[in-house]
Structures are given as C-alpha cells and as structure tokens.
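Working notes, beginning with the structure itself.
In listed order, ligands and their atoms are each counted from 1.
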Amino acid sequence: MNSLHTTIPASSSQITLTMSPRIRRSAFYEASVREGVTHFTVYNKMLMPISFGNLEAELHRLMHGVAMWDVAVERQVEVSGPDADRLVQHLSARDLSKMTAGQGKYVAMCDYQGRLLNDPVLLKLSDRYWFSLADSDMLLWVRAVAGEGQFDVNVCEPDVSPLAVQGPRAEDVVARLFGEQIRAIKYFGCIETDLQGIPLVLCRSGWSKQGGFELFLRDASKGDQLWELVKAAGQEYGIGPGAPNHIERVESGLLSWGGDTTPDSNPFEANMGKYVDVDTAVNYIGKAALQKVVADGPARLFVGLILDGTAPSAWPLIERVPVSANGNVVGTMSAVVYSPRLGRTIGLAQINRQAVEAGGRLEVHAPNGVQGAVLSALPFA
Ligand code: THG
C-alpha cells in the first residue's frame with residue numbers, strides 16, 4: 001500500500017500569506033496556533049486551519065477516534081423578524097413548510113436562473129434562522145433580496161463560531177460535556193444551551209460522514225475557553241486537532257462549493273437533487289429554472305472517478321483539470337486523493353451527462369500526467 005504523505009507536499013500551492021484587516025481570524029485562532037497548526041486556507045475571508053502537520057494522524061482520529069476542528073469560517077447569515085419564515089423560504093430551493101424550531105436542513109440557495117449560490121446547513125432556532133454557509137458572500141444576496149422584496153426582517157452576520165467534534169467517539173465527548181440526553185439528538189437536530197456559562201447552539205452535524213456535532217459558540221471572546229473544555233473532555237478518547245479532511249470528504253463525496261462547482265452549476269449538477277423540491281406548492285427563487293432542469297435533465301453530473309494505479313496523485317489540485325473520453329473533453333476533475341481505505345486513487349468530477357450515461361473509460365489530464373479512469377457512484381463504496 002502507498003504510504004500517505006505525512007505533510008502536504010511542498011509545491012507552488014504553498015505560498016506565504018500576508019495578513020491584513022480584510023482577512024479575519026477565528027475565535028479559535030490562538031488555540032489552533034497553540035496546537036501547532038501548520039497550514040491554513042482562506043474561506044469566507046477568514047483563515048481556516050487545514051492541517052496540523054500530520055495528515056495521517058488527523059485522518060486516523062477522524063475515522064477511529066475523535067477530532068476537533070476550528071470551522072468558524074462557516075459563517076452564519078441570521079434572519080429574524082416578522083417576515084423571517086417567508087424570506088428564508090423564498091431563498092431556499094426546498095419545501096420548508098414542515099420545518100420546526102430545533103431542526104436543521106441542507107438547502108440549495110439559487111439565483112433566478114437556478115444557479116447554485118451556496119449550499120448551507122439551515123438551522124431553525126426558537127426566534128431566528130441561521131444559514132450556516134459555504135464560501136460565498138451570502139450576506140449581500142440575502143440583504144438585497146430582503147430589501148428589494150420589502151421583507152420586514154433583520155439580516156446580519158452574528159458573532160457565531162462553529163467548533164466541530166467529529167468521529168466515532170465524538171458523541172461520547174459531547175455527552176461528557178452536555179449530558180447523556182444529547183445522544184437522542186437526531187441528525188441536524190439542534191439545541192440552544194450553554195457550557196459553564198458559555199452560550200452556544202449544539203447541533204448534530206459536520207462536514208464528514210463519521211458522525212459528530214458542531215458547537216456554535218455565540219461569544220467569540222470565549223473561544224479559547226471552549227476549546228480547552230472540549231479538549232479536556234476528549235482526553236480519554238484521544239482527541240486531537242484536525243480539519244475537514246480531504247481524503248474523507250472525497251471518499252464521502254461531500255460537496256465543496258466553489259471547489260467542485262463553477263459559477264454556472266445548478267444543484268442537480270452538484271449531486272444536490274435529492275434536497276431540491278420542484279413539485280411543491282411553495283415558491284422560491286429559481287424554481288421555474290430548476291423545474292426546467294428536471295424536465296430537460298442536467299447538462300452535467302457530479303460523480304466519482306477511480307484512477308488507474310495507486311499513485312498518490314498531486315494534491316492539493318490548484319485548479320480543475322480536464323477529463324476526456326476518446327480524446328474529447330467531457331468535464332473537469334476538482335479533487336483527487338489516494339484513499340488508504342479503498343487502496344485506490346479517487347477523484348471528484350463534473351462530467352457531461354451523456355458521457356456519464358455512455359460509461360466507459362476516461363482520461364484525466366492530471367498535473368502528473370494523463371491517467372486512465374472509470375466512473376464511480378458517490379459516495380465511494
Ligand atoms: N456545517 C455547517 N456549516 C457548513 C458546513 C457544515 N457550511 C459550509 C459547508 N459545510 C456546507 N456544505 C455542506 C455539505 C454537506 C453537508 C453539510 C454541509 C452534509 N451532507 C450530508 C450528506 O451529504 O450526506 C447530509 C445531508 C442530509 O442528509 O441532509 O452534512 O458541515 N454548520
């Protein structure tokens with residue numbers, strides 16, 4: 001078996017980033033530095049840790065133990081006020097009529113042409129909504145739509161900083177902190193609570209398929225304190241720092257908006273079709289365009305690729321690379337990684353629907369040469 005890179009390989013993807021007031025730091029920034037963070041990316045104009053220098057250990061904790069991740073870059077757009085229900089529905093390509101407080105849902109936010117603007121987790125709290133966002137400027141969009149439509153709402157980015165606890169032992173750590181009753185929380189269920197006076201929302205969610213929770217800290221000045229409480233509770237389960245894991249997310253086929261999508265992708269081209277309601281009485285922005293996509297069939301599909309050989313293909317990709325069939329370009333690959341669990345090099349790609357339906361062999365024009373590939377359903381088995 002190939003050994004994993006234990007550090008992210010040095011390449012032109014490694015540069016020095018000079019800080020400025022435009023690039024924000026997280027409530028857990030000091031804690032991440034103390035823990036030995038080695039690599040950051042920028043997400044929602046904020047620094048996001050992506051490695052602590054040992055990807056192998058970080059993956060192992062996520063798959064077999066428990067990891068804690070600074071995901072404060074998952075910024076919230078908060079909507080409250082008399083027209084909040086109506087505005088949130090207008091912005092979401094999903095029937096929310098049965099949604100109750102204490103629930104979360106994965107939603108596609110689209111423009112009038114059905115293009116995917118963001119794929120947040122939407123949380124409904126007792127008196128407000130939070131769109132927990134991927135990496136795009138939704139505060140601008142939500143305020144514009146609210147203003148143009150004269151919705152009576154307040155729209156802001158609140159002081160909220162998610163900390164993820166992920167992995168098979170995550171529930172044990174969170175039960176230790178909050179009590180055994182948290183084991184009954186359903187997927188995307190959320191409760192407004194506190195931890196030794198630190199206000200937060202606890203939600204069963206997170207950007208992995210290994211299970212876990214996110215603690216939405218509601219006071220950035222308590223970031224350090226919360227980090228240390230979670231770390232202490234996780235000691236006996238071997239908790240350690242990590243970040244949304246590239247290998248696990250490719251294996252699981254979790255969408256990275258802006259990485260796997262282009263500005264023209266619609267949700268059906270992002271494998272989000274099952275979360276989009278087109279046959280519904282409710283109305284929302286983009287509905288007619290999305291109905292047309294369903295009627296015509298999407299132009300492209302988001303699929304997995306299994307590459308020939310087991311070379312640990314160049315990672316991170318610094319740009320999408322072409323994928324061809326019989327010499328004709330049929331799509332692009334947006335992520336690639338060697339999966340130790342599958343013993344294969346796997347990727348994520350947007351491929352023309354006809355080429356997916358035809359099946360057969362593909363060629364990936366990877367940075368380290370042309371490699372043959374075949375399609376795979378997502379998630380990878
Ligand atoms: N948590 C929170 N905010 C987020 C993310 C998160 N914002 C950015 C980004 N992640 C948004 N994108 C996703 C993508 C996938 C999922 C969640 C957010 C996800 N998908 C599951 C799946 O595809 O299997 C479950 C979806 C479902 O069953 O409804 O969890 O992670 N706070």
Side-chain angles (χ1 to χ4, degrees), residues 26-28 41-46 48 50 62 67-78 92-96 98-99 103-110 116-125 129-139 142 157-158 160-167 170 174 185-191 200-218 242-246 248-261 265 267-268 270-277 302-304 334-335 348 377-381:
S26 132
F28 311 112
T41 189
V42 175
Y43 194 102
N44 280 326
K45 304 185 179 70
M46 186 180 256
M48 174 187 190
I50 56 166
L62 172 61
M68 55 193 292
W69 303 348
D70 170 3
V71 286
V73 297
E74 295 166 350
R75 305 314 292 169
Q76 326 308 307
V77 165
E78 176 176 298
S92 305
R94 186 167 182 172
D95 185 342
L96 304 176
K98 297 195 177 63
M99 191 175 187
Q103 281 185 342
K105 281 191 191 293
Y106 186 37
V107 304
M109 299 177 83
C110 296
L116 185 65
L117 299 177
N118 202 288
D119 67 325
V121 178
L122 171 65
L123 303 186
K124 183 169 183 172
L125 305 179
Y129 289 90
W130 286 346
F131 286 107
S132 189
L133 297 167
D135 186 16
S136 70
D137 283 325
M138 298 309 286
L139 186 62
V142 177
E157 183 185 302
V160 174
S161 305
L163 175 64
V165 184
Q166 300 285 298
V174 174
I185 297 176
K186 295 199 176 71
Y187 197 67
F188 283 159
C190 48
I191 53 168
L200 52 84
V201 171
L202 177 65
C203 186
R204 191 186 285 271
S205 57
W207 209 58
S208 86
K209 283 199 190 273
Q210 307 314 311
F213 289 81
E214 290 176 306
L215 283 56
F216 291 74
L217 170 64
R218 300 180 86 162
N245 188 277
H246 192 64
E248 195 274 347
R249 88 100 178 167
V250 175
E251 290 172 350
S252 299
L254 288 175
L255 184 74
S256 178
W257 185 95
D260 302 324
T261 62
S265 301
F268 295 94
N271 213 15
M272 284 189 79
K274 59 180 177 291
Y275 307 112
V276 174
D277 295 316
F302 186 57
V303 295
S334 52
L348 297 173
L378 294 177
F380 287 92

**Prompt:** Can you check whether Phe28's main-chain N or O pairs, donor with acceptor, with Ser26's side chain at less than 3.5 Å?
**Reply:** yes
**Request:** Examine Arg94 against ligand 1 and note whether any of their N/O atoms are separated by less than 3.5 Å.
**Result:** no
**Asked** For ligand 1, is there an atom lying under 4.0 Å from some heavy atom of Tyr43?
**Response** yes
**Asked** Do the side chain of Asp260 and the main chain of Leu255 share a donor and acceptor less than 3.5 angstrom apart?
**Response** no
**Message:** I need the atoms of ligand 1 closer than 4.0 Å to a non-hydrogen atom of Phe216, numbered in the order shown.
**Reply:** 32 (N)
**Item:** Option with minimal heavy-atom separation from atom 8 (C) of ligand 1, where the choices are Leu378, Leu133, Asn118, Asp119
**Value:** Leu133
**Message:** Could you identify the single nearest non-hydrogen protein atom to atom 6 (C) of ligand 1 and state the distance to 0.1 Å?
**Reply:** Glu74 OE2, 3.2 Å
**Message:** Using heavy atoms and a 4.0 Å limit, tell me yes or no: is Gly206 in contact with ligand 1?
**Reply:** yes
**Asked** To the nearest 0.1 Å, how far is atom 20 (N) of ligand 1 from its closest protein heavy atom, and which atom is that?
**Response** Leu254 CD2, 3.9 Å
**Identity and distance of the protein heavy atom lying nearest atom 28 (O) of ligand 1** = Tyr275 OH, 3.6 Å
**Asked** Can you find an N or O of Ser205 that's nearer than 3.5 Å to an N or O of ligand 1?
**Response** no
**Prompt:** With distance as the sole test, does Asp135 use its side chain to make a donor-acceptor pair with the main-chain N or O of Asn44 at under 3.5 Å?
**Reply:** yes
**Message:** Parallel, tilted or perpendicular: which one describes the rings of Phe216 and Trp130, with boundaries at 30° and 60°?
**Reply:** tilted
**Request:** Would you name the heavy atoms of Cys190 and Val201 that are closest together and state the gap between them?
**Result:** CB-CG1, 3.9 Å
**Asked** With distance as the sole criterion, is a donor-acceptor pair present between the side chains of Glu74 and Ser132 under 3.5 Å?
**Response** no
**Item:** Ala134 neighbourhood, listing ligand 1 atoms whose heavy-atom distance to it stays under 4.0 Å
**Value:** 7 (N), 8 (C)
**Prompt:** Can you check whether Lys209's main-chain N or O pairs, donor with acceptor, with Glu248's side chain at less than 3.5 Å?
**Reply:** yes
**Request:** Without swapping roles, check the side chain of Arg75 against the backbone of Phe131 for a donor-acceptor pair under 3.5 Å.
**Result:** no
**Prompt:** Are the side chain of Arg94 and the backbone N or O of Tyr106 linked by a donor-acceptor pair below 3.5 Å?
**Reply:** yes
**Request:** Can you pull out the closest protein heavy atom to atom 10 (N) of ligand 1? Residue, atom name and distance to 0.1 Å, please.
**Result:** Trp207 CD1, 3.5 Å
**Asked** Of Tyr106, Phe188, Tyr187, Trp130, which has the heavy atom at the shortest distance from atom 13 (C) of ligand 1?
**Response** Tyr106
**Request:** Identify the protein heavy atom lying closest to atom 3 (N) of ligand 1, giving its residue, its atom name and the separation to 0.1 Å.
**Result:** Ser132 OG, 2.9 Å
**Message:** Below 4.0 Å from ligand 1: does a non-hydrogen atom of Lys209 turn up there or not?
**Reply:** yes
**Message:** Quick test: of every protein heavy atom, which one is nearest to atom 17 (C) of ligand 1, and how far off is it to 0.1 Å?
**Reply:** Val121 CG2, 3.7 Å
**Message:** For a side-chain contact (heavy atoms from CB on, under 4.5 Å) check, start with the C-alpha distance between Leu348 and Arg249, then their side-chain angles and the critical distance, and finish with the verdict.
**Reply:** CA-CA 10 Å; Leu348 297 173; Arg249 88 100 178 167; 3.3 Å; yes
